[in-house]
Amino acid sequence: MLERKVVQSPIKSVCVVEELKEIGEKFQALFDLMPDPVVIVDGKGKFLAVNDEVEEKTGFNREELLGKNFLRTKIVTAKSKAILIKNLTKRMMGMHVAPYEVEVLTKDGKRLPYEINAVKMEYEGKPADIVVFRDIIKRKQMEGKLRESEEKYRKQFEEALDAIFVADAETGIIVDCNRAASELVGREKSELIGKHQRILHPPHQIEGEFSRTFKQHLKEKEGQVLETEIITKKGEIKDVAVKANVFELRGEKMLQGIFRDITENKQAEEAVRESQQKFERLFMNNPEAADYLDLDFHILNVNPRFEELFGYSLDEVKGKHINDVVVPKDKMEEAEDLDRKARKGYAYHDTFRKRKDGSLVPVSISAAPIIVEGQPVGTVGLYKDITERRQMEKKLEEYSEHLEELVEKRTEELTEAQERLIKSERLAAVGELATMVGHDLRNPLQSINNATYYLSNELLRLPVSQKVIGMLQVINDSVDYADKIIRDLQDFSSTKESIVKKTNINTIVKETLSQVETPKNIELVTELGRFPRIEADKNQIKRTFLNLVVNGIQAMENGGRLKVSTRKNRDFVEVSFEDTGIGLPKEKMKKLFTPFFTTKAKGLGMGLAICKKFVESHGGSIEVESEEGKGSTFTVKLPIQQENGSENQ
Amino acid sequence: MTKNRPSILIVEDDANIRESISAILQQNGYITDTAKNGQEAMEKSKAKFFNLALLDIKLPDTEGTKLLTKMHENMPKMVKIMITGYPTLENAVESINLGADSYVIKPVKPDKLLWLLEEKLDKQRTAEDRTGEKVIKWIETRARRIEQSRK
């Protein structure tokens, strides 16, 4: 509390005293009301007045301060004391001192920063200093925070992964950049700061003075990400994404750009684009019809071949359910089944599908789900037209059946041939044996012949009965017969070479007939045709004809007619022996020409087999036609032309 | 020449055939002898004169053809007839070439054989006669010449 002291002055005036009183009161009010601590000190530093705030803020009472020199108090630090007294002295001398900072000490030792603003004045007639302590704690705190945040910002700026360039928005001169920026362009900070921002970009990115994106960012694209290219010191061009913002720095407009190297991204993008294209191409150029369906099997896309195969254009079917478009009614269930399978994995099915015009086409369908990032997003289906394949399959089936038939047939034939072979081998073996036996029989037969002859001569001289002579004849006949058998066997088994000469068949017929004793009850008819002579073994042919004539006669025990006729039949000479005898049953006819087969009570049955052998060795054939009870006709065919192509005269 | 009864040598290894042929030939007035193999045949034919020999082609110790050749060397004038049970054209041709006068196939009919023998022996006789005549004529001619030269 300011003591009310009236200023004593030599000029006594009531008005002045009143005025002064007013001023003094006003001053007092102001002094007390000041929100900041204020003190008045004399020229030496002695406290003359102290306001409430001083007490509040420092904890010192006015009683403790008034009358004392501040230098002797603990209200300010020593350092501050030095400055204070210096500046006080200055002020006393009339010099102006700018506000300055001091540290005030509270009673309990706390240091409080204050800014001092003081001015010289008169107080109670003496020169004094009024000192206002401005609280700069908050300011100091704020300054601290600011400094902190500046440092933080600085750190972030420097250590940012992305390159950051700050350039003057008007001039384009780079004022700042971080480490990443330096690395991005391969230049040192010193090489960048102060240079125009256009050195960061390749020429084709520069429009006029500034780079394209710089201008864009400034103009309308602030805060947006733009793509451009930067160029390194070495000349390497990199793709970058830039986001730039405008801000103010010390009153100047700045553009801060954050650059991110997207070369790799771009490459990845490029790769993705390429692979997309490839997939597109794979789909569109696929030689088989393909469809791409969503998860509900609605058509998203079909390729040109699909359009061709089914007759629909993409526009006509897009969005429709695939089954509604191409599945024939009777295949609906199957199709749904296929759909289900295709959701889960590869599915294959051969079936029919329907074209736009209603016609059916056999197809082989392959379908699979399309999975992207682990999730199915649709299905793809391929349709292969298997019309041809079906036809081939059918043909193959038919052929295979036919083949089976053929195989069966062949097997039969083979079995038969084998049987025949076995039979003929057996026959050959038997024949060989028979021949050997035949040979060995010759001698005994000779002896019998000789002995019989001798005996008959002797007996003729004696009076013996006819019967006795007859018996000898019996022996003779039997030997003849035995001999014939041996000869037949030999003929059949031998590989006697035939003596082939130009032969007149008709002559042989006549000779044969003249040799045979025709019984009276048999009529003999001959019909001889005209044809050239043929190459033949006369003996063999004669024996054959002989055999056939004798057979014919023997078949007509009760008489009949034997007709022997010859004719030319294309490349053959045909000789037929037709009788009106008992004929042959069908079963017998098959075996007729096999050796050891006979219909007669006696005889080995070699005759016809030998005939067949003889005839076939000429390249000819022998056949029989017969009807039981009516008669038989044997026909011998002999080729006119021989193998070597010479036609006979 | 003496009209002796012709003698025939039967060369055959089968005893029954030897015996039976012998009997027939004898029945018809021939003198016979037999040999059962090639060796015996050669011995007998060297020891005695035979008009004719019947040779079986198959003999135990030799091929009939070999025997034939030997006989033809030694007794060219003897009639040689081959008998065989194995008729082949080659055999026949070979035999004739080697000196056989004929060739028959077993079993041969006795009357046929007799007929053949008669034919061949007749030929032989005629040839002999002719030879004999030639000799007489030659002597006569010689004698006449000698007489003439003496005159």
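Naming: A, B, ... by sequence-line order, numbering from 1 per chain. Heavy-atom basis, side chains included; hydrogens, waters and symmetry copies ignored.
- Neither the backbone nor the side chain of B:Leu25 comes within less than 4.5 Å of any heavy atom of chain A.
- Only the side chain of A:Asp483 has a heavy atom closer than 4.5 Å to any heavy atom of chain B.
- Judged by distance alone, the side chains of A:Asn476 and A:Thr452 never bring a donor and an acceptor atom under 3.5 Å apart.
- Taking chain A as the reference chain and counting heavy-atom pairs below 4.5 Å, the highest number among B:Leu113, B:Asp14, B:Val108 is found for B:Val108.
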Handout entry: Criterion salt bridge (Lys or Arg N to Asp or Glu O under 4.0 Å) on B:Lys120 and B:Asp101, from CA distance to verdict
Key = CA-CA 8 Å; B:Lys120 294 293 175 189; B:Asp101 296 275; 5.6 Å; no
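- Side-chain atoms of B:Thr32 and B:Gln26 include a donor-acceptor pair closer than 3.5 Å.
- For chain A, no part of B:Glu19 is nearby; none of its heavy atoms comes within less than 4.5 Å.
- Using modelled atom types and a 3.5 Å distance limit, the side chains of A:Asn443 and B:Lys106 yield a donor-acceptor pair.
- For B:Asn16, the parts sitting under 4.5 Å from any heavy atom of chain A are the backbone and the side chain alike.
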Practice task
With salt bridge (Lys or Arg N to Asp or Glu O under 4.0 Å) as the test, would you mind laying out the steps for A:Glu511 and A:Lys538 before giving the verdict?
Solution key: CA-CA 11 Å; A:Glu511 280 179 19; A:Lys538 187 170 174 191; 3.4 Å; yes
